Q: 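Questions regarding the structure given below will be posed in turn.
Computed from a predicted model, the values in this text were never measured in an experiment.
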Amino acid sequence: PVIVSTTSNSPFCAGSNLTLGVTATGATSYSWSGTGTFSPNSTSASVSVAGATAGTYTVTATNSCGSVNDDVVVAVNSGPQGVTASSSSSSVCSTANTVNLTSTANTPPSTVLSQNFNSGISPWTTTNTSTGGTTANAAWTARANNYNYSGTVFSSNDASQFVLSNSDAQGSGSTTATTIVSPVFSTEGYSALSLSYYHYYRYNAGTDDRARVEVSANGGAWTIVQTHSSIQGARNNFVQATVDLSSYVNESSLQVRFRYNASWDYYWALDNVVLTGTPAPLTYAWTSVPSGFTSGLQNPTGVAVTASTVYTVTVTGSNGCTTSANTSVTYTTAPSATISYAASPYCAGGYAVVTRTGTAGGAYTSTVGLTINSSTGQVNLGSSTPGTYTVTYTIAAAAPCAAFSTTSSITINTAPFRYADTDGDGYGDPASFITNCLPVVGYVSNNTDNCPTLFGLIGDACDDGDANTINDLINGS
């Protein structure tokens, strides 16, 4: 079989699936290998890989004549780092139910990479594939400021240690091929990149005498981004060069190297390599569960909370990858109630029952003179001093809600006098009375009976039982 092409969605966002595909002629079966779980399986031409990591994935195409392999190098991009979500309050009461939401995310530093070689070459690395002469003399080597080579004294721009690849010292008939390579670094989260370095390049002659700057993304091929083919600076005047690397933003794995090729020419001295970046703006998107709230602001304010809610912010980087965080706010309904003593005014006897609507569990209080049950609000009218009172119903504060109180008025009147009506004439004896709120058998509410032992009043007609008298009147005797 012949593998025509392989495809992938690299670089892909961490947490999402890698997709791989292969096109081949004459293949009867395929087999993928690499980290992760392949779906529908590793023997499909097109696969989705969960849990994939950066690195190399290999596909093998097979038929009856044999098999061939091809590698796919993939990179994983990260979402914004250090994403947080918080609320100005973790709980609210319905009477004060607004919060301010805040999100943070790390902004990448403006300096992506920096190497001044003052402490040596590490963590940078070097290669030396030079031939002829004394090849070790051409290797990139850290040199102290004012290094003297055959009467040529080198001094860096900041009078500090630098590195040097010396083709001249390799000797006649030699070919110099050296590199000095940066460690791997990420450019995710930047919108622009600029590489600067100070150097002295002593060009000699010919097309094989070159100083080049190159980059490699995700372990791939090296790409030339700058070529020097003329003298740059001087032994005591290292000059600054800059290279725009903005086309390499949002790479999860990038390296820079300085490659020197020569044929018994001179040298290339290098110092103070700095890669700076412009952090790309992040975008923010807030949502809620239950749904109903959305915002594109990083820090929305005055958010009305109407139920216990989880607020989630999703932060998107310039590479399209996202990171989310959430914060919860608990909602509590504020206590509310009304009370009334509907039958007020009351007579001073028996009990008055309160009518309450709303939140239970409060306490009833009033002023001295009113006998009231603090739990039920029931008033003992008989033991209370007659008068008008204000009853307060209070629900204690319970975070996040404040205390609540409401009032009602109750009036207790003195129980009326009830006068004895022993003769049953409907008139009461002013000398014989009781107090009672309710009618009592044998008692009436008036006290006008001036003849309490006879039915009727003095002056009323009566019959004294004597047949010899007529027109008898009650005279009180």
Side-chain angles (χ1 to χ4, degrees), residues 93-96 332-398 401-463 472-477:
C93 186
S94 59
T95 54
T332 301
T333 301
S336 177
T338 64
I339 61 171
S340 66
Y341 291 89
S344 182
Y346 296 90
C347 179
Y351 294 90
V353 178
V354 68
T355 299
R356 176 192 53 78
T357 63
T359 307
Y364 297 86
T365 58
S366 189
T367 53
V368 176
L370 187 71
T371 304
I372 187 170
N373 185 306
S374 62
S375 298
T376 65
Q378 184 182 71
V379 174
N380 187 328
L381 300 171
S383 63
S384 296
T385 301
T388 297
Y389 298 88
T390 297
V391 176
T392 301
Y393 178 64
T394 302
I395 300 169
C401 295
F404 171 84
S405 64
T406 186
T407 63
S408 179
S409 178
I410 182 172
T411 298
I412 304 173
N413 293 329
T414 302
F417 287 97
R418 305 288 180 178
Y419 298 93
D421 183 16
T422 56
D423 54 9
D425 59 4
Y427 301 102
D429 181 355
S432 178
F433 58 86
I434 61 172
T435 58
N436 202 298
C437 291
L438 299 175
V440 178
V441 175
Y443 288 82
V444 295
S445 59
N446 70 79
N447 61 355
T448 58
D449 195 345
N450 49 16
C451 186
T453 59
L454 293 176
F455 186 91
L457 301 176
I458 294 174
D460 288 349
C462 67
D463 184 359
D472 297 326
L473 297 174
I474 298 174
N475 60 13
S477 63

Q: Answer yes or no: is there a donor N or O on one side and an acceptor on the other, between the side chain of Y389 and the main chain of G369, under 3.5 Å?
A: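 Flag set: sc Y389 to bb G369 pair under 3.5 Å.
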Q: Nearest 0.5 Å, please: how far is CG in D421 from OG in S445?
A: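 It is 10.5 Å, given to the nearest 0.5 Å.
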Q: If we ignore hydrogens and angles and just use 3.5 Å, is the side chain of S384 paired with the main-chain N or O of T371 as donor and acceptor?
A: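 It does hold such a pair.
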Q: How about P335 and C401: do any of their side-chain heavy atoms sit closer than 4.5 Å?
A: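 When only atoms from C-beta onward are counted, C401 and P335 do touch, with a gap below 4.5 Å.
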Q: Could you give me the CA-CA distance, side-chain angles and deciding distance for D449 and T422, then say whether side-chain contact (heavy atoms from CB on, under 4.5 Å) is met?
A: CA-CA 10 Å; D449 195 345; T422 56; over 6 Å; no
Q: Would you say T448's side chain and Y427's backbone share a donor-acceptor pair under 3.5 angstrom?
A: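 The answer is no, because no donor-acceptor pair under 3.5 Å joins these two groups.
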Q: Give a yes or no on whether the backbone of C437 and the side-chain of R418 come within a donor-acceptor separation of less than 3.5 Å.
A: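 Yes, R418 side chain to C437 backbone: donor-acceptor pair under 3.5 Å.
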Q: Using side-chain heavy atoms (C-beta onward) and a distance below 4.5 Å, is Y346 in contact with N413?
A: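 Answer no - side chains too far apart.
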Q: Would you say T406 and F404 make side-chain contact, with heavy atoms under 4.5 Å?
A: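 Answer yes - side chains close enough.
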Q: Without placing hydrogens or testing angles, list every side-chain donor-acceptor pair under 3.5 Å for residues 359-366, not counting sequence neighbours.
A:
| unit_1 | atom_1 | unit_2 | atom_2 | d |
| --- | --- | --- | --- | --- |
| T359 | OG1 | S336 | N | 3.0 |
| T359 | OG1 | S336 | O | 3.2 |
| S366 | OG | T390 | O | 2.8 |

Q: Can you check side-chain contact (heavy atoms from CB on, under 4.5 Å) on V354 and V391, steps first, answer last?
A: CA-CA 10 Å; V354 68; V391 176; over 6 Å; no
Q: Heavy atoms only: give me the nearest A348-P386 pair and the separation to one decimal.
A: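 Closest pair (atom of A348, atom of P386, distance): CB-CG, 4.3 Å.
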Q: Would you say the side-chain atoms of N446 pair up with the backbone N or O of G428, donor to acceptor, closer than 3.5 Å?
A: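 A pair under 3.5 Å: yes.
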Q: CD1/I339 to CD1/I410 distance, rounded to the nearest 0.5 angstrom?
A: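 I339 CD1 to I410 CD1: 9.5 Å, rounded to 0.5 Å.
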Q: Find the distance between OH (Y393) and OG (S405) and round it off to the nearest 0.5 Å.
A: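 Separation between the atoms: 11.5 Å.
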Q: OH of Y351 to CG of L381: how many Å apart, nearest 0.5 Å?
A: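 Rounded to the nearest 0.5 Å, the OH-CG separation comes out at 9.0 Å.
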Q: Distance-only, no hydrogens or angles: does the D429 side chain make a donor-acceptor pair with backbone N or O of A420 under 3.5 Å?
A: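 Judged by distance alone, no pair lies under 3.5 Å.
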Q: How about V379 and I412: do any of their side-chain heavy atoms sit closer than 4.5 Å?
A: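 Answer yes - side chains close enough.
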Q: Listed by chain and number, what are the side chain to side chain donor-acceptor pair (under 3.5 Å) partners of T411, not counting sequence neighbours?
A: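 T411: side chain to side chain donor-acceptor pair (under 3.5 Å) contacts with T388.
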Q: Could you pull out the closest heavy-atom pair between T392 and T394, with the gap in Å?
A: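 T392 and T394 have their closest heavy atoms at CG2-OG1, 3.5 Å.
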Q: I'd like to check the ring-ring contact (aromatic ring centres under 6.0 Å, His included) partners of F417; sequence neighbours left out, ordered by chain and number.
A: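 Here the qualifying residues are F433.
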